[in-house]
Every structure is written in C-alpha cells, then in structure tokens.
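Throughout, numbering of the chain's residues begins at 1 and tracks the sequence.
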Amino acid sequence: MSLLECLVGIALCALLLNPLLKTSADLVIKQIEFEKTQLLISEADRAFELIGRAIRMAGYRNIQNTQIRSQTSGHKANAILFLEVNKKSGFRGSDALTIRHELSDGVDFDCIGNALTKDRTKNNLAMQGFLVDRQAGVPKGQKVNGGSLICQSLDRQGRIQNTTLMNGINGLFIEELTTPHAQSIKRQRLFKIKLQMTDGAKLNVDLERTFVTRNLL
C-alpha cells in the first residue's frame, strides 16, 4: 500500500467517524446537563420540604400553653406575627419568610435538624426563617454560582443564627394565593413558593410548589 493510499484511507475514516464522534460528544454533554439538572431538582426538593414543613407549623399553639396563657395574659399573644413574608429583601430581589410557632408535646425539629426545646425559643415561640443571601467568602466582583439559601433558627440562648443550607439559588419568591377553596377553609392560607436554581453556567431551572398552612387564625 502506497503512502497516497494510506492518506486517502485515513481521510475517508475521518469523514466517516467525525459524525459519530460528534454525536457521542453531544450525548455526553446532554448526559452531564441532565445529571446537573437532576441534582438541582433534588436540592430544590430538599428546600421545598423544609419550607413546606415550616409553613404547616406556622401559628401552632400548644393547647396546654394556650390555657395557661389565657389565664395570665389574655389575648396579647394574638398580635404576634406567626408568618411574615418580606418582599424583595434578599439576594437579587428574593423574598424572605419567617415562621413562628409554639412547641408541641412531641419532638419537633428546626430547618437544620436541631431538636426544638424550650431553650431554643424566644417568648415561648420557636422561629424558622428562609432567605437568599450572597455566598459567604466570595470576593466582591467574582462571579458566583448563584446565592445561598439561608436557614434562620434560634440557638440555645434564643439568639438568631444563620446557617447555609445550599448554594446555587438565584431567587426565592413567595406569593400568597387567594382561591375560593382556601377561603372556604378556616385557618388556612395558600402560598406558592418558587425557587430559581442555577449551576453558575448555562443551566437555570425554575421550580415551584404550593403549601397550605394548618394553624393560622
């Protein structure tokens, strides 16, 4: 076989293999994007679970404590805001959510997994909050992989502590929905929670869930 025939053969092989190699490369890229998307969705599901659990606990009043409180302080506790939504107060215009509730007779946990006890309350109320802030430790001006979802809870001295739950959050948006169904059920309010997730590159995923309160007056 001459050198010319070898070169022709190599050229023909390259022409035949190039589409296959390109297809394989595209499949690998798509697979990587799919895995990253699934990871973002998994992270969002975890955040939704924590936020939804807090919303369902908002305004919970322990009946034993209520009886004692009614004998001593009347209805002063009714003025406490058990569920607060602060609009556009966080990273890139994100909303913030603050939940307060009394302790049940069982075992309750805050948003970072601490068992809620009396020393983790303030004015006999446990507090959980969710907000998005700029990632800690990132120099100003450096491109970041979205913001950080922050969990706010009370330490054993009743002071607010901030804990990063996850990164890659572009936004947290909270909207209270008004529906005939929600209005017809006493003590229930309906909230739509939207999370904007990002991998810091070209993947951006918008996810949302709706949650209903159980204990608000």
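For the pair L103 and N62, the minimum side-chain heavy-atom distance is 4.5 Å or more. Between V132 and I150 there is no side-chain heavy-atom pair separated by less than 4.5 Å. Taking the side chain as every heavy atom from C-beta outward, T213 and F191 approach each other to under 4.5 Å. Looking at L190 and F211, their side chains never come closer than 4.5 Å, going by heavy atoms from C-beta outward. Side-chain contact between M57 and D108 is present, with heavy atoms from C-beta onward closer than 4.5 Å. Proximity of L172 to I193: side-chain heavy atoms (C-beta onward) are separated by under 4.5 Å at one or more points.
Rounding to the nearest 0.5 angstrom, the gap separating the CG atom in D45 from the CD atom in Q38 is 9.5 Å.
In the displayed structure, E33 atom CD is contacted under 6.0 Å by more than 12 heavy atoms of other residues, nucleotides or ligands. The 12-atom threshold is exceeded at NZ of K87, counting heavy atoms of other residues, nucleotides or ligands nearer than 6.0 Å.
At a threshold of 4.5 Å between side-chain heavy atoms, the hydrophobic network of Ile, Leu, Val, Met, Phe, Trp and Tyr places M166 and L50 in one connected group. Residues I99 and F82 share a hydrophobic cluster, clusters being chains of Ile/Leu/Val/Met/Phe/Trp/Tyr side chains in contact below 4.5 Å.
Remark: of the listed residues L116, L154, T163, L116 is the sole one forming a side-chain contact (heavy atoms from CB on, under 4.5 Å) with D110.
Between the side chains of S148 and D133, no donor-acceptor pair of N or O atoms lies under 3.5 Å. Under the 3.5 Å distance criterion, with hydrogens and angles disregarded, no donor-acceptor pair is assigned to the side chains of D95 and N86. The closest side-chain donor-acceptor pair between R61 and N215, if any, does not fall under 3.5 angstrom.
With hydrogens and angles disregarded, a donor-acceptor distance shorter than 3.5 Å links the side chain of T198 to the backbone of L203.
The residues E84 and R100 are annotated as salt-bridged, a charged nitrogen and a carboxylate oxygen being separated by less than 4.0 angstrom. For K194 and E175, the salt-bridge test fails: no basic side-chain N is under 4.0 Å from an acidic carboxylate O.
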